[in-house]
**Q** 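This structure is in structure tokens; I'll ask about it shortly.
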Amino acid sequence: MSTFKSLGIPNYRIWFFGALISNIGTWMQRTAQDWLVFDHLTAHDAGAMGITLALQLGPQLFLAPWAGLLADRYSRRKLLLLTLVAMALLSTGLGILVLLGVAELWHVYIFALLLGFVTALDAPVRQTFVSELVTDDYLPNAVALNSASFNVARMIGPAVSGVLTVVVGPGWVFLINTVSFAAMLWALKLIPTSSLRAQPRAAPGKGRIREGLRYVRGRPDIQVVLVAIFIVGTFGLNFPLFIAAMVGTQFGMDAGAFGALSSVMAIGSVTGALLSARRGRPRLRLIFLAAGGFGVSSTLAALAPNATLFGLALVPCGLFALTLITSANGYVQSTTEAVMRGRVMSLYMAIFMGGTPIGAPLVGWVANVGGPRWAVSVAAIAGVSTAVVGLVWIIRAKQLRLRFDRRARGLKHFRVESLLAPPGTEEDDRGSGPGR
């Protein structure tokens, strides 16, 4: 099946299932940590949750250029081994503090910041390591399946974590996450180094980070994708905060409902990722259409009168959000030169994840002051705004115009044509990248 064709490659198959187990553990910890802050260490303070997210994702803003250069210069396999061990140690440390009953809010802040430093290195390495497992023809499919794995875990992890957080407490959930990292470590051990695809390495010397920035400056199509993921990533994808605020404040429910609704959203996310895997080459127009769909579905979630309808609205939210993210990720990776991929993806991840220090506290403040529904409305505005940005860019990049044809009938009187292409030809929507 074309949707799962990358699983036919043994190395990728090993990586996929190892990552799936590890991702389940990661989502279990995220859910337990969110509820620990929201319900155990504060009195339903969405702002404290926003600060935790900001600390965990903030280092992306500062370390991304160096992390991307490391991914282009050194063995990605060895770098992944280091980051996985570090993340396992951090989850163990926080779990022990919680189990001993001495954990305080500032402890969570410190562990979130330390995890942010490790994740800043891990993200571009993990994203670009896939290119060593599959050929370039399979890369968009492999990227989409990675998103599917991440979101299958997002569907399973929060639901399991919600139950365990109520039954045994969040501390044990953190320790279970520690064990899950063994799956990724074992997967890396099973993949022979000699079987990995050799990738061009960045040459040593000064100016290599600036070289990556110059490359992006010469790719307006990548620039508009980065703008899109900044808007949606900063103001739209704060759903742990949105869901916790709606569950705890608006609907008066507990951690089990928080985990269940997080898993419901992941149903749509998995669907979006699998549809992206089936499509093949990502296109810019799909990114911005998905942004518009995300804005509309977030509006429905904000207006939902009860938890059931809120959960139903989360399904298309997850579908459109993952369609946007997977398409943007696949587009950037598949159209970037191999030697630049680590630096470009580090910039991508910095903008995508690093915007959270701005967005999460702001959205948390909106939830505290205006209520959870207004916080979800911020996501709706972000989605619609991104769609408008994309539409304007495509119109300008392709020099589109609306043409009136008197001889045609009905709506065919009006036709959209590009001044860059002869009438009747189909033009690629990649924009004006190199060689185009």
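Treat the numbers as computed from the prediction; the structure is a model and nothing was measured. The first residue in the sequence is number 1, and the count goes up from there.
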**Q** With distance as the sole test, does Gln333 use its side chain to make a donor-acceptor pair with the main-chain N or O of Pro140 at under 3.5 Å?
**A** no
**Q** What closest approach, in Å, do Ile287 and Ala328 show between heavy atoms, and which atom pair accounts for it?
**A** CD1-CA, 3.7 Å
**Q** One pair to check against side chain to side chain donor-acceptor pair (under 3.5 Å): Thr335 and Arg219. What are the steps and the verdict?
**A** CA-CA 10 Å; Thr335 63; Arg219 292 288 304 274; 3.1 Å; yes
**Q** What pair of heavy atoms forms the shortest contact from Ala382 to Phe235, and how long is it?
**A** CB-CB, 3.8 Å
**Q** Between Gln29 (side chain) and Val173 (backbone), is there a donor-acceptor pair under 3.5 Å?
**A**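 Not confirmed, Gln29 side chain does not pair with Val173 backbone.
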**Q** Between Ile229 and Ile351, is there a side-chain heavy-atom distance shorter than 4.5 Å?
**A**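 Counting from C-beta outward, Ile351 and Ile229 do come under 4.5 Å.
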**Q** Is there a side-chain contact between Thr119 and Pro59 (heavy atoms, below 4.5 Å)?
**A**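 Heavy-atom side-chain distance check fails, nothing below 4.5 Å.
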**Q** Considering all heavy atoms of both residues, which atom of Leu286 and which atom of Ser327 are nearest to each other, and what is their separation?
**A** CD2-OG, 3.4 Å
**Q** Could you give me the CA-CA distance, side-chain angles and deciding distance for Leu121 and Leu82, then say whether side chain to side chain contact (heavy atoms under 4.5 Å, CB included) is met?
**A** CA-CA 10 Å; Leu121 173 59; Leu82 290 174; 5.9 Å; no
**Q** Is there a donor-acceptor contact under 3.5 Å from the side chain of Thr83 to the main chain of Leu80?
**A** yes
**Q** Where does the angle between the aromatic ring planes of Phe129 and Trp15 fall among parallel (under 30°), tilted (30 to 60°) and perpendicular (over 60°)?
**A** tilted
**Q** Drop me the distance from Met28's CE to Leu175's CG, to the nearest 0.5 angstrom.
**A**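 Here the interatomic distance stands at 10.5 Å.
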**Q** Does Thr42 use its side chain to pair, donor to acceptor, with the backbone of Val37 at less than 3.5 Å?
**A** yes
**Q** Roughly how far, to the nearest 0.5 Å, is the CG atom of Leu347 from the CD1 atom of Ile222?
**A**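 Ile222 CD1 to Leu347 CG: 9.5 Å, rounded to 0.5 Å.
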**Q** When rounded to the nearest 0.5 angstrom, what is the spacing between OG1 in Thr52 and CG in Leu105?
**A** 6.0 Å
**Q** Given Val125 and Leu70, is the side chain to side chain contact (heavy atoms under 4.5 Å, CB included) satisfied, shown in steps?
**A** CA-CA 8 Å; Val125 177; Leu70 288 173; 5.8 Å; no
**Q** Give the intermediate values and the outcome of side chain to side chain contact (heavy atoms under 4.5 Å, CB included) for residues Leu237 and Phe294.
**A** CA-CA 10 Å; Leu237 299 183; Phe294 176 74; 4.0 Å; yes
**Q** Could you grab the distance from atom CG of Leu275 to atom OG1 of Thr326, nearest 0.5 Å is fine?
**A** 10.0 Å
**Q** If we check side-chain contact (heavy atoms from CB on, under 4.5 Å) with Leu133, which of these qualifies: Tyr138, Tyr12, Phe16?
**A**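 The single option meeting the side-chain contact (heavy atoms from CB on, under 4.5 Å) with Leu133 is Tyr12.
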**Q** Hey, does Leu36 have a side-chain heavy atom less than 4.5 Å from the side chain of Phe174?
**A** yes
**Q** Hey, mind stepping through Phe181 and Ser91 against side chain to side chain contact (heavy atoms under 4.5 Å, CB included) and telling me if it holds?
**A** CA-CA 10 Å; Phe181 283 113; Ser91 63; 4.1 Å; yes
**Q** Evaluate side chain to side chain donor-acceptor pair (under 3.5 Å) for Asn177 paired with Ser180, printing each intermediate quantity in order.
**A** CA-CA 5 Å; Asn177 182 38; Ser180 75; 3.2 Å; yes
**Q** Mark yes or no for whether Ser22, through its side chain, and Gly18, through its backbone, hold a donor-acceptor pair below 3.5 Å.
**A** no
**Q** Is the shortest side-chain heavy-atom distance between Met184 and Met87 below 4.5 Å?
**A**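 No; the side chains remain at least 4.5 Å from each other.
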**Q** Is Phe242 close to Val363 at the side-chain level, that is, under 4.5 Å between some pair of heavy atoms?
**A**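 Yes, side chains in contact.
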**Q** Looking only at atom types and distance, does a side-chain atom of Thr178 sit under 3.5 Å from a main-chain N or O of Thr92, one as donor and one as acceptor?
**A**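 It does hold such a pair.
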**Q** Kindly give the heavy-atom pair with the smallest separation between Val376 and Ser298, and that separation in Å.
**A**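 Taking every non-hydrogen atom into account, CG1-O, 3.5 Å.
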**Q** Is it true that a side-chain atom of Ser377 and a backbone atom of Arg373 form a donor plus acceptor pair closer than 3.5 Å?
**A** yes
**Q** About how many Å separate CZ of Arg76 and OG1 of Thr128, when rounded to the nearest 0.5 Å?
**A**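 Result: 3.5 Å between the selected atoms.
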**Q** Verify, without hydrogens or angle tests, whether Asp122 (side chain) and Val118 (backbone) share a donor-acceptor contact under 3.5 angstrom.
**A**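 A pair under 3.5 Å: no.
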**Q** For the residue pair Met49 and Ala244, what are the closest heavy atoms and their distance?
**A**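 Closest heavy-atom pair between Met49 and Ala244: SD-CB, 3.8 Å.
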**Q** Is there side-chain contact between Tyr215 and Thr336, with at least one heavy-atom pair below 4.5 Å?
**A**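 Yes - at least one pair of side-chain heavy atoms lies under 4.5 Å apart.
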**Q** Is Leu362 close to Val378 at the side-chain level, that is, under 4.5 Å between some pair of heavy atoms?
**A**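 A side-chain contact under 4.5 Å is absent here.
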**Q** May I have the step-by-step check of ring pair (Phe, Tyr, Trp, His ring centres under 6.0 Å) for Trp106 and Tyr109, ending in yes or no?
**A** CA-CA 5 Å; Trp106 67 270; Tyr109 286 166; 9.6 Å; no
**Q** Shortest non-hydrogen contact from Phe310 to Ala301?
**A**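 Reported closest heavy-atom pair: CD1-O, 3.4 Å.
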**Q** Are the side chains of Glu132 and Arg77 in touch, meaning some heavy atoms are under 4.5 Å apart?
**A**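 Of all side-chain heavy-atom pairs linking Arg77 with Glu132, none is under 4.5 Å.
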**Q** Using 0.5 Å steps for rounding, measure from the CD1 atom of Ile267 to the OG1 atom of Thr271.
**A** 7.5 Å
**Q** Would you please indicate yes or no on a ring centroid separation below 6.0 angstrom for Trp393 and Phe288?
**A**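 That pair fails the under 6.0 Å test.
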